[in-house]
Amino acid sequence: MSGKDLTVPDTAPKKRYRPEYILVFLVLLSVVGIALTDVTPSKGFWYWMAMAPVFCGATIAVGWSRIDRRGISKGKLIWTQVSHWFGYLATIYVNISGLCSFPWHLSLSLWFSFAFGNQKRLRGFRTLEYHTELLNINRDKCKKDAICAAECPMALIQMNHGDGYPRLFPGTEEVCLRCGHCIVVCPHGALQHASIPTDRCPSIRKDMTINREQAVQFLRSRRSVRLYKDKPVEKEKIQELVEIARYAPTAGNRQMVNWMVITDQDKIHRLAELTVDWMRFILEEGPEAARAPYFPAIVNAWDQGMDKVLRDAPVLVVAHAPKEALNGMVDITLALSYLELAAPTMGLGTCWAGLLQGAILSRPEMKEILRLPNKHPHHYPMMLGYAKPRYYRLPERKPPKIVWEGPSVSRSDISKHA
Ligand SMILES: Cc1cc2nc3c(=O)[nH]c(=O)nc-3n(C[C@H](O)[C@H](O)[C@H](O)COP(=O)(O)O)c2cc1C
Ligand code: SF4
């Protein structure tokens, strides 16, 4: 794949800060100024002169940071800031000209200055309707086409308000899946979601769309690789694979898949050995049903010095999830599938470590050796390494077994109607 890497966000995540802290800091500076002006008015004057750029810089920074995060229109922000600075200059003028000589008057005028600069906050509920903590609509960009409302899987976005703009159904912020569908489906870029920064949602590049034939070859050429080069896998590559895997769907978009990456060869060998021990136990004492026909050959190979369990893989990746992930096994399976599909693009191969999984499920002490958290009942290990074999054909599979219910429409029917 060439060009820009879509798994890497456009920019590093911006550090969040609360503008309220800055405002509290400014109020404290104001209190100091009031006290100073009260005691020595001449020093107070210079104090306020020095504070002017501090107040100016801080409030402008707070205001413009809110444009990105909350979808406030630039025109409205400029008006807010101009009025704020008018209020501030008026405050200083009132103080210097002697129109107001009492500190409480000064503090009152400072409050007015603050109030001018924060009209949006003071408008209270009306403002909150449009700028909820979660979803913000940029009214300059929104075309009221209701695409977001139709798309939201939880039906949280309402259009039936007098002004025709979309907004979040009141009290449903906790229900939101944080799936991001509302922001990525809007053709005008009018929505912003507090939990899903838009600058971390890259545009879809049309020139990188693959056609059906390419998709079929890509998916059919995925292989379980069981022969690995004697070469370690770079940490960056493993990290990149996990980054790709986190875009797999998860039930309720819970995203609770955790990862364990084992590169310690002694540990991988020990895990394979314990798996063989478990297989021996099954062969000797386990129930008949548990005796897989291929167990003897694998145990025999181990005794000959060959690891047919973890295949001397240089890396073992274990995806695991807590019990709170109700569809944890499905989420893990999907994440590992994404990882498996992406691996060949980096020269890497993978194989699901089903024998090890069987041993972990049967022997709790193996979970301890793996250091899997007790409260993570969902897990699956996967081998990873540089692939030795090269494949020249796509193997055939059994035909699918499908039960069709309801009327079926063929391609020719569709073209007749078109
Ligand atoms: C195991 C599993 C079960 C899911 N069940 C539902 C479902 O019942 N209804 C639904 O609308 N979406 C369901 N989803 C889809 C998820 O909500 C969706 O993957 C997630 O919100 C992320 O959105 P995306 O798939 O568009 O990236 C399910 C996904 C998984 C993996
Ligand atoms: S993030 Fe998903 S669930 Fe939340 S409002 Fe947007 S579309 Fe609806």
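Whatever order the structure lists ligands and atoms in, that order sets their numbers, starting from 1. Here the structure is a predicted model, which is why all the values come from computation and not from measurement.
- Within a 6.0 Å sphere centred on OH of Tyr294, heavy atoms belonging to other residues, nucleotides or ligands number 12 at most.
- Protein N/O/S atoms found under 2.8 Å from atom 6 (Fe) of ligand 2: Cys182 SG.
- Considering only heavy atoms from C-beta on, Ser30 comes within 4.5 Å of Trp48 through its side chain.
- Trp259 and His376 have their aromatic ring centers separated by at least 6.0 angstrom.
- For the pair Pro373 and Pro322, the minimum side-chain heavy-atom distance is 4.5 Å or more.
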Can you produce the list of protein nitrogen or oxygen atoms under 3.5 Å from a nitrogen or oxygen of ligand 1, alongside each distance?
from: ligand 1; atom 1: 26 (O); to: His181; atom 2: NE2; distance (Å): 2.6

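- At least one test fails for Arg246 against the ring of Tyr338: distance under 6.0 Å to the centre or angle within 45° of the axis.
- Annotation: Glu213, atom CD; neighbour count of heavy atoms from other residues, nucleotides and ligands within 6.0 Å does not exceed 12.
- Cation-pi contact between Lys388 and Tyr228: absent, since separation from the ring centre below 6.0 Å together with deviation from the ring axis within 45° is not met.
- The environment of CZ in Phe295 is crowded: more than 12 heavy-atom neighbours from other residues, nucleotides or ligands sit within 6.0 Å.
- The number of heavy-atom neighbours closer than 6.0 Å to NZ of Lys375, taken from other residues, nucleotides and ligands shown, is 12 or below.
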